[in-house]
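As structure tokens, the structure follows; a few thoughts come after it.
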Amino acid sequence: MDYLLIAGKLVIGIVFLLTIIRILGRKELAEMTPFDIVYLLIFGGILEESVYDDKVSIWMLIFALILFGIIVFIIEKVAEKSDRARVLLMGTPDYIIKDGKLNTKRMDRNMMEMEQLRIMLRQQGIFSLREVKDLIIEPGGSVSINTYAKYKPATVGDLNIEKPEEDPSVLLIDGGFIKEDMLELVGKSKQWLYDRLAELGYHDSDKILYCEWSETEGFYIRTYDDTTEAGGRE
């Protein structure tokens with residue numbers, strides 16, 4: 001019975017965890033606010049304390065998790081409706097660099113040292129402060145960077161070059177196996193694939209390690225013989 005009780009509590013915990021994640025929305029870890037992290041830590045503490053405690057019944061756990069979920073939902077809704085509450089609970093973006101000028105007071109307020117700032121820049125592919133026009137610390141701790149125009153890479157539009165739009169590629173063969181769901185997605189048949197491969201000189205799909213195709217770029221194929229361990233498949 002003890003094992004069944006533990007299993008029941010874990011199942012209930014997982015269900016409520018998924019519910020809490022849905023309430024918080026689909027966010028990457030870097031996009032989470034400090035409050036989102038606190039929510040998950042509190043949830044973990046509730047579940048951890050209750051799973052192995054015989055005095056905590058399943059109904060008590062359910063009550064605690066429902067109450068916790070309601071509190072999270074109310075806080076999120078209040079933050080959504082009120083600008084003042086959102087600033088208080090979630091924080092606001094903070095300009096560390098504005099028009100090329102570094103704000104040391106805001107660096108201190110965010111407990112940031114110069115080397116930490118340089119690390120953030122290097123992670124964005126920027127190796128000198130002279131390239132940065134604006135740098136913003138987001139509420140979740142990630143950075144948004146706007147570089148000076150002369151350091152931005154030129155685009156096709158900047159160069160006035162006509163370039164056709166490219167369609168995304170799909171993986172049609174993976175490790176010798178034809179992916180019929182991908183063929184169906186692009187409206188093609190297995191016979192069409194066999195015919196196109198034959199035209200390119202590939203008569204045995206089992207020998208193809210990787211085959212991708214797009215409407216604009218055509219086929220890109222690699223066989224097992226093209227790998228660094230040529231012919232290495234047993």
Side-chain angles (χ1 to χ4, degrees), residues 7 10-33 36-37 39-40 43-44 76 80 119-127 131 136 138-147 149-234:
L10 285 175
V11 170
I12 291 170
I14 291 172
V15 171
F16 274 88
L17 175 60
L18 295 176
T19 304
I20 294 296
I21 290 175
R22 294 293 293 177
I23 292 175
L24 297 179
R26 297 180 179 180
K27 304 174 184 177
E28 294 182 1
L29 186 59
E31 297 171 346
M32 285 189 167
T33 66
D36 294 335
I37 304 298
Y39 294 150
L40 296 178
F43 177 88
E76 291 292 315
E80 181 182 326
I119 290 172
M120 289 180 176
L121 292 177
R122 289 197 294 271
Q123 289 173 340
Q124 300 288 330
I126 298 172
F127 292 86
E131 301 178 32
I136 304 169
E138 304 295 351
S142 60
V143 296
S144 299
I145 299 173
N146 178 34
T147 58
K150 64 180 179 179
Y151 295 108
K152 296 181 185 291
T155 66
V156 170
D158 296 331
L159 300 176
N160 294 319
I161 298 175
E162 291 292 335
K163 182 173 173 56
E165 297 295 335
E166 298 181 359
D167 291 325
S169 64
V170 292
L171 182 62
L172 299 182
I173 299 179
D174 182 10
F177 294 98
I178 295 175
K179 300 177 73 66
E180 297 186 31
D181 57 334
M182 292 294 101
L183 283 171
E184 184 178 349
L185 179 66
V186 296
K188 304 296 184 182
S189 65
K190 291 179 72 173
Q191 189 58 51
W192 170 86
L193 179 60
Y194 289 138
D195 293 341
R196 299 291 83 76
L197 292 176
E199 291 173 2
L200 296 172
Y202 300 97
H203 300 282
D204 188 353
S205 61
D206 289 341
K207 295 182 179 179
I208 296 176
L209 173 65
Y210 178 91
C211 171
E212 71 175 24
W213 174 85
S214 75
E215 192 74 48
T216 52
E217 298 296 319
F219 284 92
Y220 179 77
I221 300 171
R222 285 291 179 265
T223 66
Y224 284 97
D225 291 335
D226 296 325
T227 65
T228 53
E229 297 179 1
R233 186 169 67 153
E234 296 294 329

Under 3.5 Å, sequence neighbours excluded: what are the donor-acceptor pairs made by side chains of residues 209-217?
residue: Tyr210; atom: OH; partner: Glu212; partner atom: OE1; Å: 2.5
residue: Ser214; atom: OG; partner: Glu217; partner atom: N; Å: 2.9
residue: Thr216; atom: OG1; partner: Asp167; partner atom: N; Å: 3.2

Could you list the donor-acceptor pairs under 3.5 angstrom formed by side chains in residues 168-187, with sequence neighbours left out?
none

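Residues that satisfy the side chain to side chain donor-acceptor pair (under 3.5 Å) test with Tyr151, not counting sequence neighbours, are absent from this structure. With sequence neighbours left out, the side chain to side chain contact (heavy atoms under 4.5 Å, CB included) criterion links Ile14 to Leu18. Qualifying salt bridge (Lys or Arg N to Asp or Glu O under 4.0 Å) partners for Arg122, counting only residues two or more places apart in sequence or in other chains: Glu115. For Gln123, there are no side chain to side chain donor-acceptor pair (under 3.5 Å) partners, not counting sequence neighbours.
The heavy-atom pair separating Asp206 from Tyr224 by the smallest distance is O-CE1, 3.6 Å.
To the nearest 0.5 Å, atoms CD1 (Ile145) and CE (Met120) are separated by 9.0 Å. If you take CD on Glu131 and OG1 on Thr147, they are separated by 7.0 Å, rounding to the nearest 0.5 Å. Within the model, atoms CZ of Phe16 and OG1 of Thr19 stand 6.5 Å from one another, a figure rounded to the nearest 0.5 Å. A distance of 5.0 Å separates OH in Tyr202 from CD1 in Ile221, rounded to the nearest 0.5 Å.
By the 4.5 Å heavy-atom criterion applied to side chains, Ile136 and Asn146 are not counted as neighbours.
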